[in-house]
Novice: 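Sharing a structure with you now.
If you read the sequence from its start, that first residue is 1, and numbering goes on from there. Excluded from the calculations below are hydrogen atoms, water molecules and symmetry mates; all remaining heavy atoms, backbone and side chain alike, are included.
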Amino acid sequence: MPTAREIMTPDVTCIGEKESLAEAAHKMADLGVGSLPICGEDNRLKGMVTDRDIVVKALAQDRNPGDITAGELGQGKPVTIGADDDAAEILRTMAQHKVRRLPVIDGHQLVGIVAVADVARALPDRPVGDLIDAISE
């Protein structure tokens, strides 16, 4: 079974925890992605911010995304996967936490992101279908 390191997307761009949601939105648009890991000044992962977070937690509440930092949304311990964890562990973690993307950590260093699409390309249909059912509830 493939490991996270083998199926992840490497070279991930972070948004700094002190950068604004407006800056996060611009980075997402430039990169063509819907989420970014939030990294602290210590280069440690602080959380994830999604395009949906920006809409629901800022725009829909009439808050200015230029006045809100990414770190404000990155509260709590982020859900991650180890670089050498296998695809079965990726599936379990995604299903348990109902997430579609997992930051991949090697030690304390962010080395990539595994998305549902990455898992779908690497595994047979049945486990992926079960995952989609679990995270879509």
Novice: Could you state the interatomic distance from CE (M8) to CG (D106), rounded to the nearest 0.5 Å?
Specialist: 8.0 Å
Novice: Check side chain to side chain contact (heavy atoms under 4.5 Å, CB included) between D67 and all other residues, then give those that pass, not counting sequence neighbours.
Specialist: N64
Novice: Between V111 and A83, which heavy-atom pair has the shortest distance, and what is it?
Specialist: CG2-CB, 4.3 Å
Novice: Report yes or no: do I105 and V114 belong to one cluster of Ile/Leu/Val/Met/Phe/Trp/Tyr joined by side chain heavy-atom distances under 4.5 Å?
Specialist: no
Novice: Determine whether L36 and L110 fall in the same hydrophobic cluster, where Ile, Leu, Val, Met, Phe, Trp and Tyr are linked whenever their side-chain heavy atoms lie under 4.5 Å apart.
Specialist: no
Novice: At their closest point, which heavy atom of R5 faces which heavy atom of D84, and how far apart are they?
Specialist: NH2-OD1, 3.2 Å
Novice: Can you tell if the side chain of V79 reaches within under 4.5 Å of the side chain of T93, non-hydrogen atoms only?
Specialist: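 In contact.
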Novice: So do V104 and T9 actually touch side chain to side chain, heavy atoms under 4.5 Å?
Specialist: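 T9 vs V104: side chains apart.
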Novice: Would you mind reporting whether L21 and T69 have side-chain heavy atoms less than 4.5 Å apart?
Specialist: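 Side chain of T69 against side chain of L21, heavy atoms only: no contact under 4.5 Å found.
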Novice: Which residues pass the side chain to side chain donor-acceptor pair (under 3.5 Å) test with T80, sequence neighbours left out?
Specialist: none
Novice: Indicate if L91 and V99 have the same hydrophobic cluster label, given that clusters are the connected sets of ILVMFWY residues with side-chain heavy-atom separations under 4.5 angstrom.
Specialist: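 Yes, one cluster joins them.
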Novice: Return the minimal non-hydrogen interatomic distance between P37 and L45, and the atom names on each side.
Specialist: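 Scanning both residues completely, I find the closest heavy atoms to be CB-CD1, 3.6 Å.
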Novice: Is it the case that one hydrophobic cluster holds both I38 and V12, taking links as side-chain heavy atoms less than 4.5 Å apart, direct or via other members?
Specialist: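 I38 does not cluster with V12.
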Novice: I'd like to check the side chain to side chain donor-acceptor pair (under 3.5 Å) partners of E23; sequence neighbours left out, ordered by chain and number.
Specialist: S20
Novice: Report yes or no: do M28 and I113 belong to one cluster of Ile/Leu/Val/Met/Phe/Trp/Tyr joined by side chain heavy-atom distances under 4.5 Å?
Specialist: no
Novice: Who pairs with R101 by side chain to side chain donor-acceptor pair (under 3.5 Å), at least two apart in sequence or on another chain?
Specialist: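 Expected list: S35.
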Novice: Would you please name every residue forming a side chain to side chain donor-acceptor pair (under 3.5 Å) with D42, sequence neighbours left out?
Specialist: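 D42 satisfies side chain to side chain donor-acceptor pair (under 3.5 Å) with K46 once adjacent residues are dropped.
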Novice: Tell me the closest heavy-atom pair linking M48 and P103, and the distance in Å.
Specialist: SD-CG, 3.7 Å
Novice: A4 and I81: which non-hydrogen atoms are nearest, and at how many Å?
Specialist: CB-CG2, 4.2 Å
Novice: Carefully, step by step, assess T13 and K27 under the rule side chain to side chain contact (heavy atoms under 4.5 Å, CB included).
Specialist: CA-CA 9 Å; T13 299; K27 276 189 183 185; 4.3 Å; yes
Novice: Can you tell me how far the CE atom of M1 sits from the CD1 atom of I7, to the nearest 0.5 Å?
Specialist: 9.5 Å
Novice: State the CD-OG1 distance between E6 and T3, to the nearest 0.5 angstrom.
Specialist: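 Answer rounded to 0.5 Å: 3.5 Å.
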Novice: If you look only at pairs with a residue in residues 51-63, which of them pass as a side-chain hydrogen bond (donor to acceptor under 3.5 Å, both in side chains), with sequence neighbours excluded?
Specialist: T50-D53
Novice: Please round to the nearest 0.5 Å and tell me the distance separating atom CD of E89 and atom CD of Q96.
Specialist: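 Answer rounded to 0.5 Å: 8.5 Å.
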Novice: Minimum heavy-atom separation for K18 to E41, with atom names?
Specialist: NZ-OE2, 3.2 Å
